[in-house]
Participant: 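Take a look at the following structure, please.
Protein chains get the first letters and strands the later ones, always in sequence-line order, with residue 1 at the start of each. Keep in mind it's a predicted model, so treat the numbers as computed, not measured.
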Number of protein chains: 2
Amino acid sequence: MSNDEALKKYDIKKYRTPDGYTSDICVFTIVSESDGEYKPPLMDLKLMLIQRAALDAEGNPNIEASKWAVPGGFVQDDESAFEAAKRELEEETSVSGVHMKHFGVYDKPGRDPRGWIISNAHYAIVPEHSLSLRKAQDDAAEVDLFSINDVLNLDLAFDHREIIEDAIKMITNDLLQTTVAKNFLPEYFTYSELQAVLKTVTDDPAIASDQSFSRKIKTLPFIREAEGKTSRTSKKPTQLYTFVEMDVVKPIYTARY
Amino acid sequence: MSNDEALKKYDIKKYRTPDGYTSDICVFTIVSESDGEYKPPLMDLKLMLIQRAALDAEGNPNIEASKWAVPGGFVQDDESAFEAAKRELEEETSVSGVHMKHFGVYDKPGRDPRGWIISNAHYAIVPEHSLSLRKAQDDAAEVDLFSINDVLNLDLAFDHREIIEDAIKMITNDLLQTTVAKNFLPEYFTYSELQAVLKTVTDDPAIASDQSFSRKIKTLPFIREAEGKTSRTSKKPTQLYTFVEMDVVKPIYTARY
DNA sequence: GGAATAGTGTCTCTAAGACAATATGGA
DNA sequence: TCCATATTGTCTTAGAGACACTATTCC
């Protein structure tokens, strides 16, 4: 009747188990197409994909060769899918400590011809400068960044089209309804830098208008004015802001926070 | 170089695979403590849990016996975790066609002493009247509903405390930031019925005040006035409303929808 | 001075919140 | 008639949006 006793009699072979357990990571970054100095940035939200090589690491023909895919790999002993995603991101791009979120499981039988392979999908927010984009690792032929407006026109491997569609929906929502935008910004930022991040996923006029947004940012409870000013976005020194650590829930049924 | 060729050479045994792949379902229901006729309902959000039996289906001592747990079971051949959750909910409660959402994966090695067992956590929204609460199925000794305010005081099996905490957070957010509340309501409902659902997860005064909420509901783009009236919540016939099918995203940076 | 970004001064208008009053119909 | 719920009237106030204007600094 003890737990140990129960454990001994438990037959673990009763049910089918997956043939593979993997983590995939949709790596998002924002590329600032700086128009020169003293300018607010022009930003574009991009997704990092790899092109699958013709041959795998052992020299055998690779499955879904030459198609574009979300990077990922097998979860290893003694780690969770989330830990695996962080490890793989670091192996792939040498960055760690970035924002990472699990957003879905893709486990339909038949999604991968090699067997019942389960994919845990995550998205990561990586600062542009830390993406060195080293190519040709393992079974990746190429690594590249694609604008979220173009990425769905590619020839995508497995069910990665569905994964990418969900990832874009998820990060769009999170950028607008949570404070994750802070992960695309330095600790202290100007109103126009935050505005540029948000404009990558919305064309809401209240966000797109400079006057409205520079007024509004002062009243948001989860953002406060910081000490200094900067001149990196304009000749006139510009007020810096920073995010306040807090949970934000804005009900759709009310006006207030 | 073809996919078939690649498939033949693929060695599926290279990585460790999970010992079990399961779906668990946090079944939420709202219990209306009707105060009599011509009254708006008093609602309480509840979670259905099972108490693990002393012996399992085969008569062996059960693991984590007598603790309370989220119902669930193993994903079977040719189904996804999501499909398994729907099947298990129907087996457990005989209801189908209800709202179900995957919200997390619990796969930390060691979370289950029987091996590397992966749990896909879902929440389901079930109308009160369809819960017959049949007891003592398989390895469940008892089935019961617990208010979300009390449930975390129970002795919970495995890592189900964490799962339940996450489920409560998730459904609270979804109720306020999406239109899932419709799944707790009949197709046509009064302002006070919707209000009662929302009051199970928030005490926002703009929602709690009758006058404010009855005015506000008329202006919400995702709700429209229906034809008829009802007297089930008051002696005065009351306007019925219904949800409009639409995506709702309310940015935290703006006032409008 | 010109150009470009940041920010303020006001005005209008909508809508939120508070309080009071009215509407309905069963007991 | 009384009561409980639903609903509207109306006032005050906050704040969104528009437009014009000012501020700063490099060229």
Participant: Looking only at the aromatic ring of each residue, does the gap between the centers of Tyr241(A) and Phe222(A) stay below 6.0 angstrom?
Facilitator: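 For Phe222(A) and Tyr241(A), the ring centres are not under 6.0 Å apart.
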Participant: Within the structure, does a side-chain N or O atom of Thr233(B) lie under 4.0 Å from either OP1 or OP2 of dA6(D)?
Facilitator: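 So the side-chain polar atoms of Thr233(B) do come within 4.0 Å of the phosphate oxygens OP1 or OP2 of dA6(D), strictly under.
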Participant: Any carboxylate oxygen within less than 4.0 angstrom of a Lys/Arg side-chain nitrogen, looking at Glu83(A) and Arg87(A)?
Facilitator: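 Here Glu83(A) does not pair with Arg87(A) in a salt bridge, since their nearest N and O are not under 4.0 Å apart.
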Participant: When we call it a touch if two heavy atoms are under 4.0 Å apart, what does Pro205(B) touch: a base, just sugar-phosphate, or nothing?
Facilitator: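 Nothing, no heavy atom under 4.0 Å.
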Participant: Give me the first and last nucleotide of DNA chain C, going 5' to 3', that has any atom under 4.0 Å from a heavy atom of chain A.
Facilitator: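 Reading along DNA chain C, I get dA4(C) to dG17(C).
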Participant: Look at the side-chain N and O atoms of Lys216(A) and state whether any lies under 4.0 Å from the OP1 or OP2 oxygen of dG17(D).
Facilitator: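 Checking Lys216(A) against dG17(D): no side-chain N or O falls below 4.0 Å of OP1 or OP2.
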Participant: Between Asp204(A) and Gln211(A), who's closer to the 5' end of DNA chain D by nearest nucleotide?
Facilitator: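 Its nucleotide being nearer the 5' end, the pick is Asp204(A).
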Participant: Between C1' on dA4(D) and CZ on Arg232(B), what's the gap in Å once rounded to a whole number?
Facilitator: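 So the two atoms are 18 Å apart, to the nearest Å.
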Participant: Do Arg215(B) and dT10(D) share a donor-acceptor pair, side chain to base, under 3.5 Å?
Facilitator: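 Checked by distance alone, the answer is yes.
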Participant: Please state how far atom CZ in Phe213(B) lies from atom C1' in dA6(D), giving the value in whole angstrom units.
Facilitator: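 Going from Phe213(B) (CZ) to dA6(D) (C1'), I get 14 Å.
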Participant: Taking the side chain of Tyr38(A) as heavy atoms from C-beta outward, which of dA6(D), dC19(D), dC26(D) is closest to it?
Facilitator: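 Closest of the options to the side chain of Tyr38(A): dC26(D).
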Participant: Under 4.0 Å, counting only non-hydrogen atoms across every strand here, what does Thr219(A) touch: a base, just sugar-phosphate, or nothing?
Facilitator: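 The residue Thr219(A) makes no contact with any strand.
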Participant: Locate the shortest heavy-atom distance separating Thr178(A) from Ile252(B); write the atom from each residue and the value.
Facilitator: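 Here Thr178(A) and Ile252(B) meet closest at O-CD1, 3.4 Å.
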Participant: Rounded to whole angstroms, how far apart are CD on Glu193(B) and C1' on dA6(D)?
Facilitator: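 Rounding to the nearest Å, CD of Glu193(B) and C1' of dA6(D) are 13 Å apart.
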Participant: How would you label the contact of Lys229(B) with the nucleic acid (heavy atoms, under 4.0 Å): base, sugar-phosphate, or nothing?
Facilitator: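 Nothing, no heavy atom under 4.0 Å.
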Participant: What heavy-atom pair brings Ile30(B) and Glu128(B) nearest, and what distance separates the two atoms?
Facilitator: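 Here Ile30(B) and Glu128(B) meet closest at O-CB, 3.4 Å.
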Participant: Taking the nucleotide of DNA chain C with the closest heavy atom to each, which residue, Lys235(A) or Asp210(A), is nearer the 5' end?
Facilitator: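 It is Lys235(A), whose closest nucleotide lies nearer the 5' terminus.
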Participant: Here's a test of your reading of the structure: between Lys236(B) and Lys236(A), which maps to the more 5' nucleotide of DNA chain D?
Facilitator: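 Here Lys236(B) is the residue nearer the 5' end.
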Participant: Taking only the side-chain heavy atoms of Thr238(B) (C-beta and beyond), determine which of dA23(D), dA6(D), dA20(D) contains the nearest atom.
Facilitator: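 Nearest to the side chain of Thr238(B) among the choices is dA6(D).
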Participant: Does the distance from a Lys or Arg side-chain N to an Asp or Glu carboxylate O, for Lys182(A) and Glu187(A), drop under 4.0 Å?
Facilitator: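 A salt bridge is absent here (no side-chain N lies under 4.0 Å from a carboxylate O).
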Participant: Do the charged groups of Asp174(A) and Lys101(A) touch, with an N to O distance under 4.0 Å?
Facilitator: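 A salt bridge links Asp174(A) with Lys101(A).
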Participant: Contact class for Thr190(B) (heavy atom, under 4.0 Å): base, sugar-phosphate, or nothing?
Facilitator: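 Nothing: the residue Thr190(B), judged by heavy atoms under 4.0 Å, touches no strand.
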Participant: Once the angle between the rings of His102(A) and His122(A) is folded into 0 to 90°, is it parallel (under 30°), tilted (30 to 60°) or perpendicular (over 60°)?
Facilitator: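 His102(A) vs His122(A) ring planes: perpendicular.
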Participant: Counting just side-chain N and O atoms, does Thr254(B) come under 4.0 Å of either OP1 or OP2 of dA16(D)?
Facilitator: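 For Thr254(B), the contact criterion (side-chain N or O under 4.0 Å from OP1 or OP2 of dA16(D)) is not met.
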Participant: Describe the nucleic acid contact of Gln239(A) in one word from base, sugar-phosphate, nothing, applying a heavy-atom distance below 4.0 Å.
Facilitator: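 The answer is sugar-phosphate, as Gln239(A) gets under 4.0 Å only of primed atoms, P, OP1 or OP2.
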